[in-house]
There are 2 protein chains.
Amino acid sequence: MERLPKRQRHQQLSRLLEENPFLTDRELTRKLKVSIQTIRLDRLELAIPELRERLKLMAERSHDSVKSLPLHEVIGDIVDLQLDKSGISLFEITEEHVFSRTGIARGHHVFAQANSLAVAVINDEIALTASADLRFIRPARLGEKCIAKAYVRSSGEQKGKAKVEVFTYVGEEMVFQGNFVIYRSAGETNT
Amino acid sequence: MERLPKRQRHQQLSRLLEENPFLTDRELTRKLKVSIQTIRLDRLELAIPELRERLKLMAERSHDSVKSLPLHEVIGDIVDLQLDKSGISLFEITEEHVFSRTGIARGHHVFAQANSLAVAVINDEIALTASADLRFIRPARLGEKCIAKAYVRSSGEQKGKAKVEVFTYVGEEMVFQGNFVIYRSAGETNT
DNA sequence: ACTCTTTTTGGCACCTGGTATTAAATCCTA
DNA sequence: TAGGATTTAATACCAGGTGCCAAAAAGAGT
């Protein structure tokens with residue numbers, strides 16, 4: 001039995017729609033050289049919804065992913081904050097934070113959580129990172145919940161700089177440690 | 001002339017569709033208590049496309065933003081790369097990177113560019129940031145183009161660690177400098 | 001060569017969510 | 001009360017399908 005042609009076509013169809021979900025059945029007939037009914041049977045078998053449904057799905061995905069894009073403000077959820085003293089934030093490592101090959105979080109996300117917290121804990125109008133000293137103790141992995149704890153070591157209202165120490169844990173294990181020096185507006189703003 | 005009802009309806013219609021672009025004209029008639037023709041005239045005047053067009057637009061946006069979503073892989077465009085030697089990347093500060101009150105870039109974005117480049121420049125299957133030492137020399141601001149230059153100082157194939165130095169400039173001015181220690185898979189992978 | 005099954009086509013009615021056009025009804029106000 | 005703006009109605013048409021049924025074509029088995 002040379003049942004291949006159908007399977008092959010199914011594969012091609014899947015591939016085509018994966019790389020361009022905007023194709024109508026009619027356009028697919030031209031690419032695959034079969035009738036439109038065949039295309040529709042194929043979609044049925046492969047459980048691929050019609051064009052409009054595909055677009056709707058994509059639109060829905062993009063609609064609620066607006067919320068989950070944490071690029072703008074604080075990275076991680078701050079669950080406790082004592083200004084000029086200490087703070088705690090939570091951050092869960094999801095697919096978008098990891099190297100896809102290894103499932104290990106990219107360093108800048110772990111840093112972003114710690115940095116956001118270090119800035120937030122400083123009780124001032126303007127607080128900017130001046131310098132930092134980081135240690136990635138062990139990699140954080142997909143699905144892990146990172147708990148960052150920040151302690152203000154010297155707030156130095158006069159000097160314009162504050163020192164903040166941040167420790168990030170997964171469970172009991174420490175995964176990251178950083179010493180931050182934060183500029184605060186009391187001292188100077190910027191050029 | 002009590003021309004308000006129309007303008008008011010137009011405003012409501014815009015608002016409704018803004019917060020839920022998935023509404024059909026028929027659903028809108030129920031919300032606004034006017035005939036479907038009125039809804040269509042209104043959309044015409046307001047140049048709001050029909051439901052399917054709206055969904056298509058959203059789908060398209062989300063489709064090619066896959067490329068421009070810089071969350072996953074490398075932050076910044078790498079324009080030059082000599083593995084185990086040096087690399088250059090460009091990154092423009094846009095609204096989403098800054099504190100909205102001050103227009104100053106959040107530190108973790110500047111760090112992310114430098115960190116991505118430091119990892120990219122290491123010629124190895126797996127490269128992870130081990131530790132880093134950072135100096136934010138002056139704030140990067142909205143609209144500025146950051147040029148990060150990375151130099152591998154000691155690649156240490158045996159030791160499993162490489163040292164990378166990164167300098168980030170806006171024009172002639174240095175805004176950031178960092179010393180990175182990168183784990184490379186030659187030495188050890190991970191737990 | 002003749003079955004039997006799978007696969008592929010074709011045709012037709014129907015659906016949704018519209019556009020386009022023309023016409024009638026309703027307001028408002030000068 | 002005439003006249004423009006506004007609203008509603010009615011009808012034809014379109015894209016991109018679904019659902020269903022039948023017929024043609026292609027293989028496979030013996």
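Naming: A, B, ... by sequence-line order, numbering from 1 per chain. Computed from heavy atoms alone, side chains included, the values below leave out hydrogens, waters and symmetry copies. Predicted model only: the values in this text are computed from it and were never measured.
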Those residues of residues 40-49 of chain A lying under 4.0 Å from DNA chain D by at least one heavy atom: Arg40(A), Arg43(A)
For atom [atom1] of [X] and atom [atom2] of [N], their distance in whole Å:
| X | N | atom1 | atom2 | value |
| --- | --- | --- | --- | --- |
| Gln8(B) | dT6(D) | CD | P | 14 Å |
| Leu32(B) | dT6(D) | CG | P | 17 Å |
| Leu23(B) | dG17(C) | CG | C1' | 13 Å |
| Lys56(B) | dG16(D) | NZ | C1' | 12 Å |
| Leu55(B) | dT16(C) | CG | P | 17 Å |
| Leu51(A) | dT16(C) | CG | P | 18 Å |
| His10(B) | dA5(D) | NE2 | P | 15 Å |
| Lys33(B) | dT8(D) | NZ | P | 13 Å |

Pair of N/O donor and acceptor under 3.5 Å linking dG16(D) base with Arg52(A) side chain: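 Pair found.
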Under 4.0 angstrom between Thr38(A) side-chain N/O and dT9(C) OP1 or OP2: yes
Residue met sooner reading DNA chain D from 5', once Gln37(A) and Asp25(A) are mapped to nucleotides: Asp25(A)
Pairs flagged by ring-ring contact (aromatic ring centres under 6.0 Å, His included) wherever residues 124-147 of chain A is involved - sequence neighbours left out: Phe136(A)-Phe176(A)
Sugar-phosphate, base or nothing in reach of Glu50(A), heavy atoms under 4.0 Å: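 Result for Glu50(A) = sugar-phosphate.
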Closest heavy-atom pair and its distance - His108(B), Ser116(A): CE1-OG, 3.5 Å
For Arg141(A) against Arg138(A), the heavy-atom pair lying closest together: CG-NH1, 4.3 Å
Check ion pair Arg40(B)-Glu50(B) (N to O, under 4.0 angstrom): no
Salt-bridge criterion met for Arg184(A) and Asp84(A) (N-O under 4.0 Å): yes
Face-on cation placement of Lys149(B) at Tyr169(B) ring, 6.0 Å and 45° thresholds: yes
Closest to side chain of Ser35(B), choosing from dT7(D), dT8(C), dT8(D):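 Among dT7(D), dT8(C), dT8(D), the one nearest the side chain of Ser35(B) is dT8(D).
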Gln177(A)-Thr168(A) side chain donor-acceptor pair, cut-off 3.5 Å: no
